[in-house]
There are 2 protein chains.
Amino acid sequence: MSSSEKPNRKVTSFDVARRAGVSRAAVSRAFTPNASVSPETREKVVKAAKELGYRVNYLARGLINQRSDFVGIVAAGMDNPFRAMQIEQITKNLVRRNFRPILLPADHGESADHVMDQLLHYNVSGVLVTSDAPPTALCAEFAAAGVPIVLINKADSIPAVDRVVSDNDTAGRLAATTLIEGGAQHLAVMSAAAISYTARRRQQAFLACCHSLEADVRVIPVKINDYANGFAAAAALDGVDGVFCVNDYMACGLIDGLRQRGIAIPDGVRIIGHDDVPQASWTGYDLTTLRQPCDLQAEQAIDLLLSRMDDPETAERVELTPISLVRRSTA
Amino acid sequence: MSSSEKPNRKVTSFDVARRAGVSRAAVSRAFTPNASVSPETREKVVKAAKELGYRVNYLARGLINQRSDFVGIVAAGMDNPFRAMQIEQITKNLVRRNFRPILLPADHGESADHVMDQLLHYNVSGVLVTSDAPPTALCAEFAAAGVPIVLINKADSIPAVDRVVSDNDTAGRLAATTLIEGGAQHLAVMSAAAISYTARRRQQAFLACCHSLEADVRVIPVKINDYANGFAAAAALDGVDGVFCVNDYMACGLIDGLRQRGIAIPDGVRIIGHDDVPQASWTGYDLTTLRQPCDLQAEQAIDLLLSRMDDPETAERVELTPISLVRRSTA
DNA sequence: CATGGAATTGTACACGTGTGCAATACTGGA
DNA sequence: TCCAGTATTGCACACGTGTACAATTCCATG
């Protein structure tokens with residue numbers, strides 16, 4: 001207390017400049033890549049900076065550059081392990097490329113718009129959206145502000161926005177053929193088609209493939225694609241020996257529900273999921289599934305974000321093919 | 001292109017001021033709570049702001065206020081479902097209180113320090129740490145910068161830092177008594193005590209309780225507290241009929257591993273976990289566990305952060321008692 | 001030594017906002 | 001009507017940085 005009067009005084013580039021005996025501009029240049037500084041002054045500056053504990057204030061820098069290092073991530077609930085994987089991959093990839101991820105949880109419903117709106121206050125350099133409800137209204141505002149948006153696994157209804165999507169058509173087809181090859185004759189697809197775009201698309205493709213193969217098939221609608229709904233649906237499952245769950249999370253619930261009824265997997269019912277969450281390879285489930293490569297998904301989405309910062313005029317659509325993993329649940 | 005020359009021009013408070021016919025200060029005050037503005041001017045300002053699509057630039061505001069709305073979250077891998085739950089609770093709670101969570105993934109090892117250092121460039125108003133390796137070296141730097149840190153489930157080795165911890169002593173004791181009451185006579189504790197503080201503490205308490213009850217007990221060390229290590233450890237498990245896994249994630253692995261060997265749960269081996277991840281209540285596992293109330297944990301941690309912003313001198317330690325949930329794995 | 005060009009440096013302005021201070025408008029009572 | 005007290009407003013400065021432009025230094029070549 002008696003030794004220094006200003007304990008929390010921030011160190012600015014001005015302090016560093018004075019200590020190093022150079023101008024403040026030199027300090028700025030020393031910390032800016034590809035700036036015009038001589039090696040000697042740069043050395044003097046970093047030395048003084050280290051001694052004073054100086055750190056560039058990125059908020060001020062962002063004010064000048066009209067663009068911050070922040071990237072918004074709008075994501076729905078992480079109870080689904082696939083979402084957790086997605087977020088982990090995305091954040092790691094962003095940090096690796098020197099961005100700061102702002103994570104905004106958006107549950108099913110209206111909250112997404114309100115929460116995304118906040119991002120426009122921070123000069124974010126982009127937004128990644130994986131939540132269920134695409135923020136149609138806000139896309140225009142972001143476009144007007146020059147902030148690129150990349151949608152992951154979202155509907156095509158919004159026109160000029162970049163998208164990374166899983167190839168749901170092949171997914172549906174692979175699911176159908178895998179079940180049939182496993183010996184199933186009475187098929188079903190379980191999905192919350194009403195609220196989820198990917199669920200709807202996978203269901204459509206699955207049905208189309210079944211019809212073209214003239215296979216018996218029906219739809220089992222659920223409210224949400226989660227464990228609880230999968231589990232509950234097992235109680236009413238009859239006359240079916242092969243089920244395509246549009247995600248693994250729900251498939252785990254269905255398996256547990258069927259086992260509780262004494263129905264064996266795969267002998268009683270064959271099951272295929274989608275995503276390849278960690279639990280799918282747990283021996284308790286050993287679930288055949290269609291892997292969504294979410295490391296690649298993150299990579300592509302961020303690549304798209306970057307290319308859109310440079311060239312805002314166009315919009316791309318990248319499709320990733322799911323990888324078939326046959327395990328015991330259909331063998 | 002021909003209609004307007006500046007399509008992406010940012011709208012500033014100056015533009016709003018001119019349109020509303022007031023000074024720029026009035027605009028600022030209209031968007032600042034508890035500022036001195038008459039209702040009429042405020043109304044004029046918000047009207048003009050809405051027409052122009054104006055949004056306050058929080059980066060500039062943070063520059064003035066010396067404090068931003070950002071809170072850093074340093075978290076380890078989300079493959080453990082409990083971590084995903086923690087992060088979801090924390091981010092939701094932060095957003096509800098009008099903060100922006102910056103999520104920094106820090107895997108086991110050295111990377112945490114490097115990544116946390118970045119936060120000091122953004123005037124974050126606080127940091128929450130749940131990663132395994134506490135950043136001892138950086139805590140002093142954050143204290144010097146006046147940025148409060150709250151550690152969640154971390155060691156007591158760092159002196160004057162706020163902490164929210166689960167009561168590991170009661171956890172160890174409850175685990176032991178629950179297993180014994182379930183009929184177990186030869187106990188074991190499975191944990192990566194070498195790398196995890198909580199694992200170490202729970203193990204110690206478990207052993208102490210067993211010794212005081214004169215029960216047979218041994219230690220099964222693993223490298224990491226995860227599914228794979230739990231599964232692998234099942235292969236070498238002999239002469240034991242009750243196991244305390246220091247987290248549920250590992251317990252799931254152990255259960256699957258034992259079942260693969262044909263050992264039934266709980267008749268062959270009773271198992272108790274810790275955390276109450278969603279999978280613990282899945283009927284496939286039905287795992288007795290000690291629930292960590294991670295909604296309350298998040299609430300307390302952020303409360304601590306806020307009180308430390310106002311009064312930086314002290315430091316508290318909040319302990320949360322785990323809740324015993326007895327399910328089939330010990331019944 | 002003179003000179004042209006390149007490399008480096010410093011000055012000064014800009015980014016968009018919050019707020020102390022003084023000036024002004026307003027209110028109610030005598 | 002006048003005045004004291006209060007509510008409201010505007011001016012001007014500050015926050016910490018990047019960079020255009022001009023000024024300066026440096027170096028090699030004639």
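A note on names: the letters A, B, ... follow the listed sequences, proteins ahead of strands, and every chain is numbered from 1.
- If you check every strand for non-hydrogen atoms under 4.0 Å, B:Val27 touches nothing.
- Ion pairing of B:Arg42 with B:Glu40 is absent here, as no side-chain N (NZ or NE/NH1/NH2) approaches a carboxylate O to less than 4.0 Å.
- An end-to-end axis angle of 40° holds for the helix from C:dC1-D:dG30 to C:dA30-D:dT1, taken from five base pairs per end and rounded to 10°.
- Going from atom CZ of A:Arg67 over to atom P of C:dG16 covers 14 Å, rounded to whole Å.
- By the 4.5 Å heavy-atom criterion applied to side chains, B:Gln89 and B:Asp295 are counted as neighbours.
- When the side-chain nitrogen and oxygen atoms of A:Gln66 are compared with OP1 and OP2 of C:dG16, one or more of them lie within a distance under 4.0 Å.
- B:Ala48 meets the side-chain contact (heavy atoms from CB on, under 4.5 Å) test with B:Val16, B:Arg19, B:Ala20; sequence neighbours excluded.
- Taking side-chain N and O atoms only, A:Ser28 has a distance below 4.0 Å to OP1 or OP2 of D:dG18.
- Sorted by first and then second residue, the salt bridge (Lys or Arg N to Asp or Glu O under 4.0 Å) pairs involving residues 92-103 of chain B (not counting sequence neighbours) are A:Asp107-B:Lys92, B:Glu88-B:Lys92, B:Arg97-B:Glu299, B:Arg97-B:Asp303.
- In this structure, the side-chain contact (heavy atoms from CB on, under 4.5 Å) partners of A:Asp311, at least two apart in sequence or on a different chain, are A:Arg308, A:Glu313, A:Thr314.
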Q: Heavy atoms under 4.0 Å is the rule here; annotate nucleotides 20-27 of chain D 5' to 3' with B where the base is hit, S where only the sugar-phosphate is, and - elsewhere.
A: B-------
**Q.** Residue pair B:Val45, B:Phe31: steps toward the side chain to side chain contact (heavy atoms under 4.5 Å, CB included) verdict
**A.** CA-CA 9 Å; B:Val45 168; B:Phe31 289 103; 3.9 Å; yes
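- The separation between A:Tyr58 atom OH and D:dG18 atom C1' is 14 Å, rounded to whole Å.
- If you check the side chains of A:Asn98 and B:Gln118, you find no donor sitting under 3.5 Å from an acceptor.
- Under 3.5 Å, the side chain of B:Arg55 and the base of C:dG16 form no donor-acceptor pair of N or O atoms.
- When rounded to the nearest whole Å, the span between CG of A:Asn123 and P of C:dC15 equals 13 Å.
- Partner B:Val71 forms a side chain to side chain contact (heavy atoms under 4.5 Å, CB included) with one of B:Pro148, B:Pro101, B:Ser125 and no other, that one being B:Ser125.
- Per the geometry, CZ belonging to A:Phe14 stands 12 Å off P belonging to D:dA14, to the nearest Å.
- Other residues, nucleotides and ligands place no more than 12 heavy atoms under 6.0 Å from the CD atom of A:Glu43.
- C:dT9 atom C1' lies 13 Å from atom CZ of A:Arg24, rounded to whole Å.
- The interatomic distance linking B:Leu63 (CG) with C:dA14 (P) rounds to 17 Å, in whole Å.
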Q) Should B:Asp162 and B:Val318 be marked as a side chain to side chain contact (heavy atoms under 4.5 Å, CB included) after you check the CA-CA gap, both sets of side-chain angles, and the distance that decides it? A) CA-CA 8 Å; B:Asp162 291 87; B:Val318 175; over 6 Å; no
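- Picking from D:dG10, D:dG16, C:dG18 the nucleotide with the shortest atom distance to the side chain of B:Ala26 gives D:dG10.
- Under the 4.5 Å side-chain criterion, counting only non-hydrogen atoms from C-beta, B:Asp15 is not in contact with B:Lys10.
- One interatomic measurement links the two molecules: CZ of A:Arg61 to C1' of D:dT19, which rounds to 13 Å at whole-angstrom precision.
- Looking at residues 35-44 of chain A, you'll see A:Ser36, A:Val37, A:Ser38, A:Thr41 sit with a heavy atom under 4.0 Å from some atom of DNA chain C.
- Listed candidates were D:dG16, D:dG10, C:dC13. Nearest to the side chain of B:Ser23 is D:dG10.
- Summarising the geometry, the separation between CG on A:Asn57 and P on D:dG18 is reported as 9 Å, rounded to the nearest angstrom.
- When the side-chain nitrogen and oxygen atoms of A:Tyr54 are compared with OP1 and OP2 of D:dT17, one or more of them lie within a distance under 4.0 Å.
- Residue-level contact check: B:Phe31 touches neither bases nor backbone, having no heavy atom under 4.0 Å from any strand.
- Under 3.5 Å, the side chains of A:Gln297 and A:Gln86 contain a donor-acceptor pair of N or O atoms.
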